[in-house]
Amino acid sequence: MASGRFYLTCMVLGSLGSMCILFITYWMQYWRGGFAWDGSVHMFNWHPVLMISGMVVLYGAASLVYRLPASWVGPKLPWKVLHATLHLLAFTLTVVGLVAVFQFHNHSKISHLYSLHSWLGITTVVFFACQWSLGFAIFLLPWASQWLRSLLKPVHVFFGACILSLSITSAISGINEKLFFVLKNATKPYSSLPSEAVFANSTGILVVAFGLLVLYILLASPWKRPDPGTLTDRQPLLHDRE
């Protein structure tokens with residue numbers, strides 16, 4: 001029964017994640033003129049799409065790999081590889097998203113990293129890079145001792161949740177910043193809440209809802225991976241005694 005509720009919650013989560021990507025893509029296509037890779041503002045439009053797709057949706061999905069009941073039995077190594085691979089894909093999308101915004105700023109002679117949104121965003125990316133590198137070195141490679149892994153696991157989990165929270169904060173601050181930049185003329189100011197503002201604000205709410213549901217699944221005790229030895233049908237792991 002608990003497993004059924006888990007998969008139902010995952011279906012809701014998948015729907016929210018898909019809507020986040022569809023909404024941000026539609027906003028950039030319909031109101032902001034679409035996409036290009038030429039240094040123009042249309043190149044910038046890749047930035048919000050790739051950052052939300054990578055740092056929010058795919059990152060959130062990768063964080064939940066060990067909540068899948070199928071990962072609780074048998075060798076843990078394939079799930080570690082999946083966990084690391086999904087995070088690496090999320091990081092790759094994030095890097096491409098950063099390239100898009102930096103090249104747009106260079107082309108338009110705009111200063112880099114001057115806003116609170118950019119400070120939050122770059123801090124999140126740096127934390128993510130450190131988190132992935134440490135996780136790969138300690139938890140995926142077989143050299144680390146059981147003692148070291150047990151010591152660092154709570155830290156790894158804590159910073160994983162922190163990075164997701166920072167990603168959500170960066171995304172919604174970026175949406176708000178973009179609206180302030182583009183809706184500032186006298187005929188259609190942001191304060192009049194035109195249709196674009198309603199749609200973009202709704203996208204931000206979807207991002208927050210997705211992130212909160214991911215955090216709920218991560219923190220819900222019935223869905224946490226059981227401690228070693230509590231599942232009698234669990235098989236020993238290759239190079240892993242966790």
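Along the sequence shown, residues are numbered consecutively beginning with 1. Owing to the predicted nature of the structure, the values given are computational and were not obtained by experimental measurement.
- Checking side-chain atoms of His107 against main-chain N and O of Gly39 turns up a donor-acceptor pair under 3.5 Å.
- Atom CH2 of Trp119 sits in a sparse spot, with 12 or fewer heavy atoms from other residues, nucleotides or ligands closer than 6.0 Å.
- Cluster annotation: Phe158 is not connected to Val214 through the hydrophobic network of ILVMFWY side chains, with a link wherever side-chain heavy atoms come within less than 4.5 Å.
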Q: Start with the C-alpha gap between Val99 and Trp37, add the side-chain angles, then the distance that decides, and say whether side-chain contact (heavy atoms from CB on, under 4.5 Å) holds.
A: CA-CA 10 Å; Val99 170; Trp37 199 265; 3.9 Å; yes
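- Side chains of Ser15 and Ser18: a donor-acceptor N/O pair is absent below 3.5 angstrom, by distance only.
- Distance alone, capped at 3.5 Å, is enough to place a donor-acceptor pair between the Arg149 side chain and the Ile138 backbone.
- Although no hydrogens or angles enter the test, the distance criterion places no donor-acceptor pair under 3.5 Å between the side chain of Ser108 and the main chain of Ile110.
- Side chain to side chain, Gln29 and Thr25 fail the donor-acceptor criterion of an N or O pair below 3.5 Å.
- In this structure, Phe44 has its ring center closer than 6.0 angstrom to the ring center of His47.
- With a 6.0 Å radius and a threshold of 12 heavy atoms from other residues, nucleotides or ligands, Phe159 has its CZ atom at or below the threshold.
- Using a 4.5 Å cut-off on side-chain heavy atoms (C-beta onward), Leu68 and Leu64 make no contact.
- The line from NE2 of His105 to CG of Leu113 is 8.5 Å long, rounded to the nearest 0.5 Å.
- For Ser133 (side chain) and Cys130 (main-chain N/O), no donor-acceptor pair under 3.5 Å exists by modelled atom type.
- Residue Ile24 holds its CD1 atom at 10.5 Å from CG of Leu50, rounded to the nearest 0.5 Å.
- Taking the side chain as every heavy atom from C-beta outward, Tyr26 and Phe199 approach each other to under 4.5 Å.
- Taking the side chain as every heavy atom from C-beta outward, Glu177 and Ser115 approach each other to under 4.5 Å.
- The shortest distance between side-chain heavy atoms of Leu77 and Leu140 falls below 4.5 Å.
- Atom NE2 of His83 sits about 12.0 Å away from atom CG of Leu88, to the nearest 0.5 Å.
- You'll find the ring centres of Tyr59 and Phe128 inside the 6.0 Å limit.
- A donor-acceptor pair under 3.5 Å is absent between the side-chain atoms of Ser150 and the main chain of Trp147, judged by distance alone.
- No side-chain N or O of Tyr190 forms a donor-acceptor pair with one of Asn185 less than 3.5 Å apart.
- Using a 4.5 Å cut-off on side-chain heavy atoms (C-beta onward), Pro78 and Val81 make no contact.
- Here the side chain of Ser192 pairs no donor or acceptor atom with the backbone of Lys188 at under 3.5 angstrom.
- Put simply, Leu8 and Leu213 are part of two different groups of oily side chains (I, L, V, M, F, W, Y) that touch within less than 4.5 Å, one to the next.
- In this structure a side-chain-to-backbone donor-acceptor pair under 3.5 Å is present from Arg67 to Leu218.
- Between Pro69 and Phe6, some side-chain heavy-atom pair lies under the 4.5 Å cut-off.
- A continuous path of Ile, Leu, Val, Met, Phe, Trp and Tyr side chains, each step under 4.5 Å between heavy atoms, connects Phe104 with Phe181, placing both in one hydrophobic cluster.
- Trp79 places no side-chain N or O within 3.5 Å of a backbone atom of Trp72 that could act as its donor or acceptor partner.
- Grouping the Ile, Leu, Val, Met, Phe, Trp and Tyr side chains by contacts below 4.5 angstrom, directly or via other members, places Met11 apart from Leu13.
- Using modelled atom types, one finds a donor on one side chain and an acceptor on the other under 3.5 Å when comparing His112 with Asn106.
- By the 6.0 Å and 45° rule, Lys76 stacks over the aromatic ring of Tyr66.
- A 4.5 Å side-chain heavy-atom check between His87 and Ser63 finds at least one atom pair inside the cut-off.
- For the pair Trp46 (side chain) and Phe35 (backbone), a donor-acceptor distance under 3.5 Å is absent.
- A continuous path of ILVMFWY side-chain contacts below 4.5 Å connects Val95 to Val56, so both sit in one hydrophobic cluster.
- Atom CG of residue Leu193 and atom CG of residue Leu183 lie 9.5 Å apart, to the nearest 0.5 angstrom.
- For Trp27 and Phe23, the ring centers sit 6.0 Å or farther from each other.
- Here NE2 of His117 is found 11.0 Å from CD1 of Ile172. Values are rounded to the nearest 0.5 Å.
- Separating the CG atom in Leu58 from the CZ atom in Phe91 is a distance of 13.0 Å, to the nearest 0.5 Å.
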